[in-house]
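Below you'll find the structure, written out as structure tokens, and then a few comments.
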Amino acid sequence: MNIVAKDFTPVTNVPPLKASRITKEYLGGSFKALDDVSFELHNNQITAFVGPSGCGKTTMLRIIAGLEYPTRGRLEVFGKNVQGPGPDRGMIFQAYTSFPWLTAMQNVEYGMKILKVPAAERRERTMNFLKLVHLEKFADTYPRSLSGGMKQRVALARTLAQNPAIILMDEPFGALDAQVRWEMQELMIELIEREKKTVVAITHDIEEAIYLADRIIFFSRQPGRIKADIPLTFKGGRRIKQKEELLEMPGYAELERQLFAMMREEIK
Amino acid sequence: MSKSRDASVSSLENLPSENVEAAPLYIPPKERFLEFRRQPSTQRASVLAFIGALAFFGLWEAGHYLTPASARKFFPSIGEVGSALYMLFAERNFLHDVSISCWRIFVSFMAASAIGVPIGILMGCFGNIRALFNPTLTAWRYLPAASFIPLLLVWFGPTDQAKIALLFIGVIFFLISLVLDNTTAIQKEFVEAGLTMGASRRVILTGIVVPAALPAIFDSMRNMIAVSWTYLVIAEIVGAQDGIGAVMMRAGRFLNVDVIMAGIVTIGALGLLTDVIFRGAARVLFPWNVERRS
């Protein structure tokens, strides 16, 4: 598949994202949302940002997206310094951002239109991604008539169709009910695996984090720092699509217990 | 699926057996006239609307006949107002006055929208533009438009320009602040999604902000054109030769209350018509926004 966003070239030995010594101060320095945070993302990995509310995980994600700027520090995408937002970092929001004035198909096309993808290729990719998110029958439907899960699938398809290097997700399934959420998680794992993407997903749902992620970065709050960086080695380097299978794996219960303990420590 | 079923999860086997009587019909509680948030059927709604209108006209007629005969001239019946209306159109070329009034509304409202809507959108998008204009515009909003009548008469005389200018002044400042609110009310993630997709500022403005805010802006325009009609009568009362307001004012001088009321009815009907046109246009222009009827 050819790369749509042209201003980056994936290089294997350079991390897709490198955050160095990121500090974010508010109110003239009296409040530190993030305090000297550094990490690297690994290629084709799903990283979950977990932590109590107010721990700066959302601020960190928005800084990566370029929607907010750090007070100090440096951000590199494939070794290149980035300032401001760009299509190399696609974002999926908790609020439904499928545009209500465009049909599902036009929504998916929209991102590629911005990148000036030729019409023929655009159409082909649009249909392709609509199929992947199981919305081909709803191509001409406005978001108003779609359910929350379907709207979120439109947003997912729109972001994937732009072919960003990194996909950022801010509690993407937070507004969905339990069953739809579960379906979306499975769909997301499937698509990320297929499209080979580097992903950062915020969640405060510990079970969701363990299910989706290859690695969990746990933030502590006030000031926001990385409390723990946990590779999910118990999965044996693969992604488990069936939740039942995951629950039966040795190491799952222990990890979940640890994360809950860490969360309790933070909210004390 | 796991093959061995967990001991704690037992399957339910009490499926309904055959040859059993159907469950008794559920009889809902009696529906009252005043049920909280209950929407009537379309049929019932039109019956209720008819009754409401009938009550209004009934009160009107009753008021007419309860007035002492000597003063009945000042409270004409529906029939008298109807015939005054007929007389106006048939003998006094009222259609000319009506179209002059509509023309004044149309021109002034188009001008106010052409200037007010873009300014409101820009102020809603960009904090600096807002800071530049908003304090001044807020002050203007508190000035009663009618207070400009003497000034406009000095500047333009009793001309069409003076009337159109008054309607323009009466509408534009409120329209700007409504459009500003409509624009800031759009979901902020729409703009952020545009930014992360790499859209330019121009694309975000014309391709995201405008379509997102337009249905609400259109609604604001519909509300403001009603205000236009209010100022129209004020404008035409002052030194106008033609227009609905001028006809009413002249009738007042001769105590022709039936003609005054005919003018009021005409303005009401035109207002209703404008509203219907705006709503219909919104349905055609913004098909994604069509309200679903339950």
Side-chain angles (χ1 to χ4, degrees), chain A residues 4-8 61-62 64-68 84-104 106-116 140-146 154-155 158-159 161-164 166-170 175 242 244-245 247-248, chain B residues 1-9 11 117 121 124-127 179 182-220 281-294:
Chain A
V4 174
K6 293 175 186 83
D7 51 347
F8 73 90
L61 195 82
R62 290 175 61 82
I64 299 174
L67 296 173
E68 273 179 52
D88 52 343
R89 286 148 291 145
M91 178 124 165
I92 294 165
F93 299 80
Q94 178 176 10
Y96 304 131
T97 54
S98 44
F99 298 137
W101 58 92
L102 300 177
T103 61
Q106 291 167 332
N107 259 293
V108 177
E109 257 193 296
Y110 195 82
M112 289 186 283
K113 251 186 190 165
I114 287 173
L115 298 181
K116 304 205 163 56
D140 299 320
T141 308
Y142 287 113
R144 193 173 178 127
S145 315
L146 297 176
V154 172
R158 184 174 67 188
T159 305
Q162 267 202 322
N163 201 15
I166 303 167
I167 294 179
L168 309 169
M169 299 182 164
D170 184 5
Q242 291 237 339
E244 300 92 308
E245 194 189 337
L247 291 168
E248 281 171 358
Chain B
M1 250 350 269
S2 58
K3 280 140 270 165
S4 62
R5 184 164 275 158
D6 197 299
S8 62
V9 183
S11 64
V117 171
I121 291 174
C125 284
F126 307 110
V179 172
N182 298 148
T183 310
T184 49
I186 70 166
Q187 209 179 303
K188 76 172 197 313
E189 286 88 355
F190 286 167
V191 173
E192 291 185 338
L195 285 168
T196 56
M197 282 191 277
S200 65
R201 278 181 307 169
R202 190 183 55 79
V203 167
I204 290 176
L205 180 66
T206 58
I208 296 177
V209 174
V210 170
L214 218 49
I217 290 174
F218 207 71
D219 240 23
S220 297
R283 224 163 299 161
V284 175
L285 289 171
F286 316 120
W288 71 85
N289 202 39
V290 172
E291 33 192 306
R292 272 181 299 188
R293 290 178 188 275
S294 53

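Just so it is clear, the structure is predicted and the values come from calculations on it, not from any experiment. Order of the sequence lines sets the chain letters (A, B, ...), proteins ahead of strands, with each chain counted from 1.
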Any donor-acceptor pair under 3.5 Å linking the side chain of [X] with the backbone of [Y]?
X	Y	value
A:Q162	A:G111	yes
A:R158	B:M197	no
A:N107	A:F99	yes

- [ ] Please tell me if the side chains of B:T196 and A:T159 come closer than 4.5 Å, counting only heavy atoms from C-beta onward.
- [x]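 No; the side chains remain at least 4.5 Å from each other.
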Task: B:P211 vs B:F190 side-chain heavy atoms within contact, under 4.5 Å - done: no
Task: Interchain contact, B:Q187 with chain A, by part (heavy-atom threshold 4.5 Å) - done: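 The side chain, not the backbone.
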Task: Residue B:L214 versus chain A: region with a heavy atom under 4.5 Å - done: neither
- [ ] Counting only heavy atoms closer than 4.5 Å, note whether A:T103 contacts chain B via side chain, backbone, both or neither.
- [x] neither
Open item on the list: Only pairs of heavy atoms separated by less than 4.5 Å count here; which of A:R62, A:E245, A:K113 has the most with chain B?
Closed with: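 Among A:R62, A:E245, A:K113, the one with the most close pairs to chain B is A:R62.
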Open item on the list: For the interface with chain A, which of B:P287, B:A212, B:G194, B:P215 has the highest count of heavy-atom pairs at distances below 4.5 Å?
Closed with: B:A212
